[in-house]
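Inspection log for the structure reproduced underneath, given as structure tokens.
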Amino acid sequence: MHTITSSDGLFTFDNSYARLPERLFARVLPAPAPAPRLLQFNRPLAEELGLDPDRFMQREGLDILSGNHIASGSDPIAMAYAGHQFGGWVPQLGDGRAILIGEVIDRQGRRRDIQLKGAGRTPFSRMGDGKAPLGPVLREFIVSEAMASLGIPTTRSLAAVATGERVVREMVHAGAVLTRVAASHVRIGTFQFFYARKDTEALQALADHAIARHDPDAAASDTPALALLERVIARQADLIARWMGVGFIHGVMNTDNMAISGETIDYGPCAFMDAYREAELFSSIDVGGRYAYGNQPLIAHWNLAQLAQALLPLLPGPVEAAVEAAQAAVDRFSQMFQEAWLAEMRRKLGLSRAAEGDAELAATLLTIMEANGADFTLTFRGLAECAVADSETTSQVGDLFKEPASVAAWADRWTARIADDPLSPAERRTAMRAANPLFIPRNHRVEEALVAAEEGDFCPFERLRRVLARPFDDQPEEVELARPPQAGEVVTQTFCGT
Ligand code: AMP
Ligand code: MG
């Protein structure tokens with residue numbers, strides 16, 4: 001049963017999206033959960049959002065997070081969107097199992113969406129049940145929070161609640177609801193939805209909303225929609241470079257899974273690579289390898305071209321001029337990505353100044369890593385120690401390579417290169433340790449934690465969560481969680497589990 005009161009005050013909502021024209025969304029109530037139980041709660045995030053974490057430890061908080069109680073000030077909606085899924089156009093997707101319960105202004109004055117994912121059917125559910133199994137909810141929780149701790153723009157996870165319901169997929173699972181927090185849930189697919197319907201009025205309202213929210217200064221531009229496009233392109237170039245820098249593979253880079261805000265969104269079959277492999281791929285549904293690691297910049301570029309297309313009706317002047325301006329913006333992506341990637345690689349290699357040949361130096365290392373099955377994360381972390389080097393630390397990095405000698409020649413080049421860089425060895429080590437995590441959510445550890453959690457044991461999950469909250473710190477007692485999988489531990493496939 002839903003109860004509606006006006007006195008809970010757990011959130012102070014201000015729902016700007018729900019004030020947009022009605023056809024941008026559908027009003028919908030979350031499905032009640034028969035036996036809700038709080039599984040995970042993110043206290044630091046709650047504090048950042050200006051919430052009182054203690055009240056969420058009590059029944060009133062649980063009732064809101066499970067969908068059993070509509071918080072005062074909430075105006076729950078499911079957002080309409082479309083998208084290209086694996087390159088194929090789908091004119092209507094929308095929030096089929098997520099309900100935006102409202103927006104809050106956080107302590108720093110930023111507007112953040114609060115969404116319940118897995119809270120039941122909406123008008124966009126199509127054949128789906130609107131529910132989420134526990135495993136994928138916990139997976140999104142741990143990986144999104146790990147990304148945040150790595151300093152990568154991402155949606156956040158405030159809470160995971162078990163509903164007490166059974167969710168049937170290939171097997172029967174416990175049901176759960178994730179409370180997702182986002183700078184906004186506007187996606188490329190949200191613009192595509194209205195472009196495809198030739199609904200320029202809604203498109204304009206959406207663009208105005210996105211600009212007010214993410215790029216307020218673009219409102220003063222002569223061509224605000226073009227300015228918005230340029231900002232989104234710049235944010236995505238930076239974001240994908242950050243993904244590449246930690247070996248993250250999103251897994252489902254459909255246009256509906258790419259946020260205008262520049263945050264990583266929709267954690268499904270995502271994964272971090274262990275050994276470096278350009279074509280690395282884990283998603284069980286990605287048969288053609290469209291969303292493999294090395295394809296991510298190309299796919300982002302393609303997706304941004306779809307956004308440009310969808311924004312055309314908002315660009316001024318004759319259509320040829322609009323197309324030309326939008327195309328020019330999209331064409332700048334490759335260069336922007338390349339620069340962002342190179343900046344990321346320089347950070348990882350401890351290069352505080354740019355020099356000719358840096359891109360080639362980084363690319364060569366990756367090639368050698370790939371040929372030698374070297375662990376991506378540990379190679380870079382090991383190089384940080386080589387910045388204050390003696391031959392012993394250098395040989396520890398060599399041990400990560402099938403043929404240690406293969407990296408020695410590269411290391412000589414790098415040593416010569418850093419000799420020209422103004423950082424002192426100690427400064428370089430510090431900078432590299434801040435750029436190269438020791439701990440990432442390795443697939444085998446995530447799987448292990450999820451299996452245990454599904455059996456009711458949250459100890460491995462909580463341990464992993466605690467360690468991943470400080471990915472750049474040596475945590476000697478947890479060094480086991482930093483090591484790559486052994487032969488029998490390798491996870492080769494991840495599932496979106498919707
Ligand atoms: P995703 O693969 O999570 O990005 O979802 C793609 C689309 O399918 C979105 O429109 C989702 O809302 C919808 N969807 C995914 N799982 C379900 C489900 N269990 N019930 C209803 N809709 C779903
Ligand atoms: Mg999605």
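Note that the numbering runs from 1 along the sequence shown for the chain. Read the numbers this way: they start at 1 and go in the same order the structure lists the ligands and their atoms.
Aromatic ring centroids of F141 and Y267 lie 6.0 Å or more apart. For H209 and Y17, the ring centers sit closer than 6.0 Å to each other.
Less than 4.0 angstrom separates some heavy atom of N257 from each of these atoms of ligand 1: 4 (O). Close contacts of ligand 1 with Q85, meaning ligand atoms under 4.0 Å from a residue heavy atom, involve 6 (C). Near G128, meaning under 4.0 Å from one of its heavy atoms, ligand 1 places the atoms 20 (N), 21 (C).
Proximity of F124 to ligand 1, defined as any heavy-atom pair under 4.0 Å, is not found for any part of the residue. Contacts between D95 and ligand 1, counted as non-hydrogen atom pairs separated by less than 4.0 Å, involve the backbone only. Contacts of R121 with ligand 1, taken as heavy-atom pairs under 4.0 Å, are absent altogether. Here R169 has side-chain heavy atoms under 4.0 Å from ligand 1, and that is the only part of it that gets that close. Under 4.0 angstrom from ligand 1, the non-hydrogen atoms of L93 come from both its backbone and its side chain.
The Mg ion (ligand 2) has no N, O or S atom of N254 closer than 2.8 Å. Taking 2.8 Å as the threshold, D266 counts as a candidate ligand of the Mg ion (ligand 2), since one of its N, O or S atoms lies below it.
Ion pairing between a basic and an acidic side chain is recognised when a charged N comes within 4.0 Å of a carboxylate O; E478 and R470 show no such pairing. Contact check on E447 versus R139 returns a salt bridge, with a Lys/Arg side-chain nitrogen under 4.0 Å from an Asp/Glu carboxylate oxygen. Between R107 and E47, none of the side-chain N atoms (NZ, or NE/NH1/NH2) sits under 4.0 Å from a carboxylate O, so this pair counts as no salt bridge. A salt bridge links E201 with R23: the closest approach of a Lys/Arg side-chain nitrogen to an acidic carboxylate oxygen falls below 4.0 angstrom.
Cation-pi geometry between R43 and F41 is not met at under 6.0 angstrom from the ring centre and within 45 degrees of the axis.
Not a single heavy atom of V252 sits less than 4.0 Å from an atom of ligand 1.
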